[in-house]
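One-based numbering along the sequence shown. Values below: all heavy atoms of this structure, side chains included; hydrogens, waters and symmetry mates excluded.
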Amino acid sequence: MKMKSARKIDKAKKIVHTIPRDFRDKLNSHTKSLATWNDITPLAKNEWLCWIESVKKVETRTKHVKRAIEDLARGKRRPCCWAGCVHRQ
């Protein structure tokens, strides 16, 4: 079964945030993470993307990208221990 790339999927869904290139590239190279990403709701995708982009330091953002890929590979549907996306409507 061929997986759709994150870019193709997100154009069809209503997501507030743009997928950062580094996260998109890592996501597309990890089958398990991409499978979870394909299965979660647009709101959950927004939560992950806002969590990744909400930090100030580059080092912290890199850690968030890494952790998001690992957590999605384990089937986690939302980032843990975070207040949530401030862009919710």
Can you list the steps and then say if Arg78 with Thr41 is a side-chain contact (heavy atoms from CB on, under 4.5 Å)? CA-CA 10 Å; Arg78 306 252 181 176; Thr41 66; 4.1 Å; yes
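The minimum heavy-atom distance linking Glu47 with Pro79 is given by the pair O-CG, 3.8 Å. The two residues Leu34 and Asn28 make their nearest non-hydrogen contact at CD1-OD1, 3.9 Å. Listed here is the closest heavy atom pair of Ile69 and Ser33: O-OG, 2.6 Å. Closest approach of Phe23 and Ala68 over heavy atoms only: CE1-CB, 3.8 Å.
Considering only heavy atoms from C-beta on, Arg61 comes within 4.5 Å of Ile52 through its side chain. Looking at heavy atoms from C-beta onward, Arg74 lies out of side-chain contact with Thr36 at the 4.5 angstrom threshold. Side-chain contact check for Asp22 versus Lys26: every heavy-atom pair is 4.5 Å or farther apart.
Classified by interplanar angle (parallel below 30°, tilted 30° to 60°, perpendicular above 60°), the ring pair Trp51/His64 is parallel.
Within 6.0 Å of the CZ atom in Arg21, the count of heavy atoms belonging to other residues, nucleotides or ligands does not exceed 12.
With rounding to the nearest 0.5 angstrom, the CG atom of Leu27 is 7.5 Å from the CG atom of Asn38. The distance from atom CZ of Arg77 to atom CG of Leu43, rounded to the nearest 0.5 Å, is 11.5 Å. Summarising the geometry, atom CZ belonging to Arg67 is positioned 6.0 Å from atom SG belonging to Cys80; distances are rounded to the nearest 0.5 Å.
Glu70 is linked by a salt bridge (Lys or Arg N to Asp or Glu O under 4.0 Å) to Lys66, counting only residues two or more places apart in sequence or in another chain. With sequence neighbours excluded, the residues satisfying salt bridge (Lys or Arg N to Asp or Glu O under 4.0 Å) with Lys76 are Asp71. Residues satisfying the side chain to side chain donor-acceptor pair (under 3.5 Å) criterion with Asp25, sequence neighbours excluded, are absent altogether.
Side chain of Asn46 to main chain of Pro42: a donor-acceptor pair is present (N/O by atom type, distance under 3.5 Å, no hydrogens or angles).
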